Amino acid sequence: MDKKVSELLNTQINKEFYSAYLYLDMANFYSSRGLDGFANWYEIQAKEEQDHAMLFYKYMQNNGEAVTLEAIAKPDKTFETLMDPLTAALEHEKYVTSLINDIYDAAAAARDHRTMQFLDWFVKEQGEEEKNSSDLIQKMKLFGDDVRSLYLLNQELQARTYSAPSLEL
């Protein structure tokens, strides 16, 4: 595997674990405000990010690459309003998309077709993540100022369940 591709993939493991920490912090924010549905949404997001990290981890191992685990940084966002975590999540997902694109570009430059194929799932996933974040922001803009509507939105988010990704390595 190309050295730059390997380094970027290894870095992505840490970035995915950081994403899980960030989403747990968002869940904690909503939980402290009695919005257990919003907390559930972000707890599930955290689980997804942990699974993403593990997919990168296994891919590296399956390709004979050394994995170096780094310290996971403390989330650096401060949330004041109910909208703050939602906008921070969209911003973060766009950042993660840029990271995946950078790895894909490096793999393409190295003609590493296996890694490009592996990343195809993540490219699609990031499109879904950005759309989910945007949709949640839109719903909050529409309903968040009305207590009854916020209650219903919270119930909708409480109904979200977790299903692990099915990506064959």
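Residue indices begin at 1 and follow the sequence shown. None of these values were measured; they are calculated from a predicted model.
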Practice task
To the nearest 0.5 angstrom, please state how far the CD atom of Glu93 sits from the OG atom of Ser19.
Solution key: 6.5 Å
Handout entry: Distance in Å, Tyr104 OH paired with Met116 CE, rounded so as to fall on 0.5 Å steps
Key = 4.0 Å
Problem - Exercise: identify the closest heavy-atom pair between Leu8 and Ala106 - result: CD1-CB, 3.7 Å
Practice task
With the side chain counted from C-beta on, respond yes when Thr78 and Glu80 share a heavy-atom pair under 4.5 Å apart, and no when they do not.
Solution key: yes
Problem - CD1 on Ile72 to CG on Leu22, rounded to 0.5 Å - result: 12.5 Å
Exercise for the section: Check whether the side chains of Asp84 and Thr81 place a donor and an acceptor atom closer than 3.5 Å, and report yes or no. Expected result: yes
Problem - Phe29: side chain to side chain contact (heavy atoms under 4.5 Å, CB included) partners, not counting sequence neighbours - result: Arg33, Phe79, Leu82, Pro85
Practice task
Name the orientation class of the two ring planes belonging to His92 and Tyr18 (parallel below 30°, tilted from 30 to 60°, perpendicular beyond 60°).
Solution key: tilted
Handout entry: Test item: Ser6 side-chain N/O and Asp2 main-chain N/O as donor-acceptor pair under 3.5 Å
Key = no
Problem - Whether over 12 other heavy atoms sit under 6.0 Å from Glu128 CD - result: yes
Fill in the blank from the handout: Note: Pro75 and Asp25 closest approach over all heavy atoms is CB-OD2, 3.8 Å
Exercise for the section: To the nearest 0.5 angstrom, please state how far the CG atom of Asn10 sits from the CE atom of Met60. Expected result: 4.5 Å
Completion exercise
Hits for salt bridge (charged side-chain N to carboxylate O under 4.0 Å, His left out) against Asp135, two or more places apart or cross-chain, chain-then-number order -> Lys131
Exercise for the section: Check the side chains of Tyr23 and Lys47 for a donor-acceptor pair under 3.5 angstrom, ignoring hydrogens and angles. Expected result: no
Fill in the blank from the handout: Hits for side chain to side chain contact (heavy atoms under 4.5 Å, CB included) against Ser149, two or more places apart or cross-chain, chain-then-number order -> Phe143, Asp146
Fill in the blank from the handout: Distance col, row Leu157:CG vs Asp36:CG, nearest 0.5 angstrom, shows 10.0 Å
Exercise for the section: Would you mind reporting whether Tyr57 and His52 have side-chain heavy atoms less than 4.5 Å apart? Expected result: no
Exercise for the section: Flag the pair Tyr95 / Lys15 as yes when at least one side-chain heavy-atom distance between them is below 4.5 Å, and no otherwise. Expected result: yes
Completion exercise
Contacts of Ile44 meeting side chain to side chain contact (heavy atoms under 4.5 Å, CB included) (sequence neighbours excluded), chain-then-number -> Asn40, Glu48, Arg160, Tyr162
Practice task
Verify the distance criterion only: is there a donor paired with an acceptor across the side chains of Gln12 and Glu16 at less than 3.5 Å?
Solution key: yes
Problem - Shortest non-hydrogen contact from Ala89 toward Tyr42 - result: CB-OH, 3.7 Å
Problem - Any side-chain heavy-atom pair of Ile100 and Val96 under 4.5 Å - result: yes
Problem - Side-chain donor/acceptor of Tyr59 to backbone N/O of Thr115, under 3.5 Å - result: yes
Problem - Spatial distance of atom CG (Leu55) from atom CG (Leu9) [nearest 0.5 Å] - result: 12.0 Å
Practice task
Using a strict cut-off of less than 4.0 Å between a Lys/Arg side-chain nitrogen and an Asp/Glu carboxylate oxygen, indicate whether Lys77 and Glu91 qualify as a salt bridge.
Solution key: yes
Problem - Centroid-centroid under 6.0 Å between Phe56 and Phe118 rings - result: yes
Exercise for the section: Report yes if some heavy atom in the side chain of Asn101 is under 4.5 Å from a heavy atom in the side chain of Thr97; otherwise report no. Expected result: yes
Handout entry: side chain to side chain contact (heavy atoms under 4.5 Å, CB included) between Leu152 and Arg148, intermediate numbers included
Key = CA-CA 6 Å; Leu152 292 174; Arg148 283 171 271 180; 5.8 Å; no
Practice task
State, yes or no, whether a side-chain contact exists between Trp121 and Lys124 at a heavy-atom distance under 4.5 Å.
Solution key: no
Practice task
I would like to know whether Gln117 and Arg114 meet side chain to side chain contact (heavy atoms under 4.5 Å, CB included); could you show each step before the answer?
Solution key: CA-CA 5 Å; Gln117 183 179 27; Arg114 182 181 309 146; 5.6 Å; no
Problem - For Lys139, all residues meeting salt bridge (charged side-chain N to carboxylate O under 4.0 Å, His left out), sequence neighbours excluded - result: Glu156
Exercise for the section: Give a yes or no answer on whether the side chain of Thr11 reaches the backbone of Glu7 with a donor-acceptor pair at less than 3.5 Å. Expected result: yes
Handout entry: Partners meeting side chain to side chain contact (heavy atoms under 4.5 Å, CB included) with Glu70 (sequence neighbours left out)
Key = Asn14, Thr68
